[in-house]
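In the text below, chain A, chain B and the rest are named by the order of the sequence lines, each starting its count at 1.
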Number of protein chains: 2
Amino acid sequence: MFDVSDLRFLTALSASPSLAAAARNLGVTPPAVSQRLALLEDRLHLRLIERGRGQLRLTAEGAYLIDRAKGVLDDIESLSEDMSARAGRIDGPLHVIAPFGFGRLRVAPVMTRFGDEHAELRPMLSLREDPVGAMNDGLWDVLVHVGRLPNLRITQRKLAPNRRLLVASADYARRFGLPQRPKEIAAHRVGVVRENRADASLWLLTGPGGIEMNLRVKPVFGCNDGEVLRAWALDGFGIVERSEWSVSSDLRVGRLVRVLPDWSLPDADIVALLNPRGVRSLRIDKFVERLASEISAPPMA
Amino acid sequence: MFDVSDLRFLTALSASPSLAAAARNLGVTPPAVSQRLALLEDRLHLRLIERGRGQLRLTAEGAYLIDRAKGVLDDIESLSEDMSARAGRIDGPLHVIAPFGFGRLRVAPVMTRFGDEHAELRPMLSLREDPVGAMNDGLWDVLVHVGRLPNLRITQRKLAPNRRLLVASADYARRFGLPQRPKEIAAHRVGVVRENRADASLWLLTGPGGIEMNLRVKPVFGCNDGEVLRAWALDGFGIVERSEWSVSSDLRVGRLVRVLPDWSLPDADIVALLNPRGVRSLRIDKFVERLASEISAPPMA
DNA sequence: TCAAACATTAAGGCACAGCTTAATGCCGGC
DNA sequence: GCCGGCATTAAGCTGTGCCTTAATGTTTGA
């Protein structure tokens, strides 16, 4: 007769390329995995997994058992969620995906505070360069993104408005001057963020009177963490495009200055997406409410 | 997140009239049950059971959880059975119901031998005066009965033929003589077995040439264990109706003699019934095969 | 009123499941 | 051939879950 932890163990195995990788994912040593699997196979008198190099190969029995196990685990999770909802409890896992910079500076603190208030909550934050890719990689409940994601059939709830601005440090401006027209940017050092699969070097600018132009820049520095780019801008590396949330206080105190202030870039609202295939649970709803409430508020620094 | 043992625990509770009764059924002390339930309720922040005298009262949440739990446990059992079948294993619980005498003398030994050969098998034999009633009382996989049960839509597999005979001890015959015709039985001491809800004091006799008569006897001794009745017959208490399996060796060596040997009673074949709502599993099939094989064979004594 | 049955609380015990460490062997790539 | 990664085995450890015992209080029925 199976125990839930046995079923969980097996599904974790089936998601890993090797027993050693499964051990790392489970946070235990390889003998723990090896021995547990062997014990299970011995109890069942069945071979579940063929060991060898390359991807773990499930036997027919192993594949059948794991398929069935997933169904049972889904039922148990669903039941657990039901009972949690009936009690109005906020507990269990909360898987959040967010970009590097925004995730670290704005989402993580919210999760910390939310988690502090709910002892049984298990927050899991995944900072990714490519949040959309991460959606396909595994568990997620909430995805936070800077800018609406195109071509997705998932409702994107707006958490806060957010403009994208061109900025440079005051020091850079003193030493190199600033461009007065978009075309002059070509003579400047430009840095970009590689935050997702979007084309970071194509800037869509809207100028006075509504005229639009696409400007192809040639980045000479870049990073997949937007906050690194901000730091480089502060260090005088050059001109960068950043979200307003990221640079608003720098602009206020003059560390950074606007570049081409008469021209604007497309807004990049902060949005939250809920996994349509995930559970509907109170903790997720409450977390998103909290996120919206705190992110709409002006940043503290 | 629920553990299987939690779900089992709850379903055991729901089948009991009190926490104390559940403890007895589970083979633990009342504090074990009381504390475990309290811990579970504390974890869930939900009241599952209202304590008080009389039948345990489930809350709405408790009832919902237990209902869902049963579904999950069924799935897990079904999966366990599947995997057992794939491995050709003979293991797990085997619930058998049988009458007192036949169960003790003929079924139990088979279960012992079968269980000895299969270490992971958990045989559970329930000896009952009223096997049919026991069918409604809880778990059962196989029911063994002496005589076909009427008005049941369950297939009754014949394990062995079996006649019912009227017998008395040789000593009784010497002291009181034996009846030569059915009507003379009224002048004798008669004992009956109360083995089920059937009318034990109405004997349907078939005589020479096929004539039939119903004979209403007035029992002066009786017991719900047929083997006690045999012992009393051997002790000279009077005339009894017994199955051939029970008295064949006594007749052979002369301890008992036939009464009205030209008259017969309806046969009472030994039959096995499989619970149509139970699991289809190898251990049950194999056990019934073994039972049929051993019960068809002549008894050893 | 008393006894029996039930439920609960507090405190302590302990078995065993789930690891860990140490060692060894295998395989593949450089 | 060497190194790194993987899998396995043997032996030992330990935390904790699941009890137990002892005591107390409540309720019900005779």
Side-chain angles (χ1 to χ4, degrees), chain A residues 1-59 61-62 66 69 73 76 80 91 119-120 122, chain B residues 1-59 61-62 66 69 73 76 80 91 119-120 122:
Chain A
M1 191 59 84
F2 296 104
D3 193 72
V4 172
S5 66
D6 288 330
L7 303 181
R8 258 191 230 300
F9 173 72
L10 285 171
T11 58
L13 284 201
S14 74
S16 299
S18 66
L19 296 189
R24 287 190 294 270
N25 287 338
L26 292 166
V28 296
T29 60
V33 168
S34 175
Q35 286 170 11
R36 185 167 184 176
L37 176 60
L39 281 175
L40 204 45
E41 286 175 326
D42 197 50
R43 258 174 47 206
L44 295 177
H45 293 189
L46 288 170
R47 190 79 166 170
L48 301 176
I49 288 179
E50 297 298 352
R51 283 79 150 173
R53 298 306 294 268
Q55 191 80 4
L56 280 187
R57 293 202 315 108
L58 299 178
T59 62
E61 280 79 28
I66 284 162
L73 289 173
I76 291 176
S80 179
D91 60 0
E120 309 302 323
R122 281 179 275 121
Chain B
M1 191 58 84
F2 295 106
D3 193 70
V4 172
S5 66
D6 288 331
L7 303 181
R8 256 190 232 301
F9 174 71
L10 285 171
T11 58
L13 284 201
S14 74
S16 299
S18 66
L19 296 189
R24 287 191 294 271
N25 287 337
L26 292 167
V28 296
T29 59
V33 168
S34 175
Q35 286 169 11
R36 185 167 184 177
L37 176 59
L39 281 174
L40 203 47
E41 286 176 325
D42 199 50
R43 259 174 48 205
L44 295 177
H45 294 187
L46 289 170
R47 190 80 164 168
L48 301 176
I49 288 179
E50 296 298 351
R51 283 80 148 172
R53 296 308 292 268
Q55 191 81 6
L56 281 187
R57 291 203 313 109
L58 300 177
T59 63
E61 282 78 28
I66 284 162
L73 290 173
I76 291 175
S80 179
D91 59 1
E120 309 300 323
R122 281 179 274 117

Check: In Å, rounded to the nearest 0.5 Å, how long is the span from OG1 of Thr11(B) to CG of Leu13(B)?
Finding: 8.0 Å

Check: Does a side-chain N-to-carboxylate-O contact under 4.0 Å join Asp91(A) and Arg122(A)?
Finding: no

Item checked: Short N-O contact, Asp6(A) and Arg36(A), less than 4.0 angstrom ->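 Yes, this pair counts.
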
Note to self: Tell me whether the side-chain N/O atoms of Arg51(A) come closer than 4.0 Å to OP1 or OP2 in dC6(D).
What the structure shows: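 Negative; the distance criterion is not met.
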
When the distance from [atom1] of [X] to [atom2] of [N] is rounded to whole Å, what number comes out?
X	N	atom1	atom2	value
Glu50(A)	dC27(C)	CD	P	15 Å
Ile49(A)	dT8(D)	CD1	C1'	15 Å
Leu56(A)	dG5(D)	CG	C1'	14 Å
Leu19(B)	dT9(C)	CG	P	12 Å

Check: Passes side-chain contact (heavy atoms from CB on, under 4.5 Å), Thr59(B) versus Ile49(B)? Steps please.
Finding: CA-CA 5 Å; Thr59(B) 63; Ile49(B) 288 179; over 6 Å; no

Next item on the list: Please report the closest heavy-atom contact between Ala22(B) and Val33(B), naming both atoms and the distance.
Entry: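 Taking Ala22(B) first and Val33(B) second, the nearest heavy atoms are C-CG2, 4.5 Å.
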
Next item on the list: Under 4.0 Å from any atom of DNA chain D, heavy atoms only: list the residues of residues 32-44 of chain A that qualify, in numerical order.
Entry: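 Those residues whose heavy atoms fall under 4.0 Å from DNA chain D, taken from residues 32-44 of chain A in numerical order, are Ser34(A), Gln35(A).
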
Check: Ignoring hydrogens and geometry, is there a side-chain-to-backbone donor-acceptor pair from Ser34(A) to Pro31(A) under 3.5 Å?
Finding: no

Next item on the list: Show your reasoning for whether side-chain contact (heavy atoms from CB on, under 4.5 Å) applies to Leu44(A) and Phe2(A).
Entry: CA-CA 10 Å; Leu44(A) 295 177; Phe2(A) 296 104; 3.7 Å; yes

Check: Does Ala21(B) have any side-chain contact (heavy atoms from CB on, under 4.5 Å) partners at least two apart in sequence or in another chain, and if so, which?
Finding: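 Testing Ala21(B) for side-chain contact (heavy atoms from CB on, under 4.5 Å), a comparison that skips the adjacent residues, returns Ser16(B), Pro17(B), Ser18(B), Arg24(B).
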
Next item on the list: Please work out which residues in residues 24-31 of chain B have a non-hydrogen atom less than 4.0 Å from an atom of DNA chain C and list them by number.
Entry: Arg24(B), Pro30(B), Pro31(B)

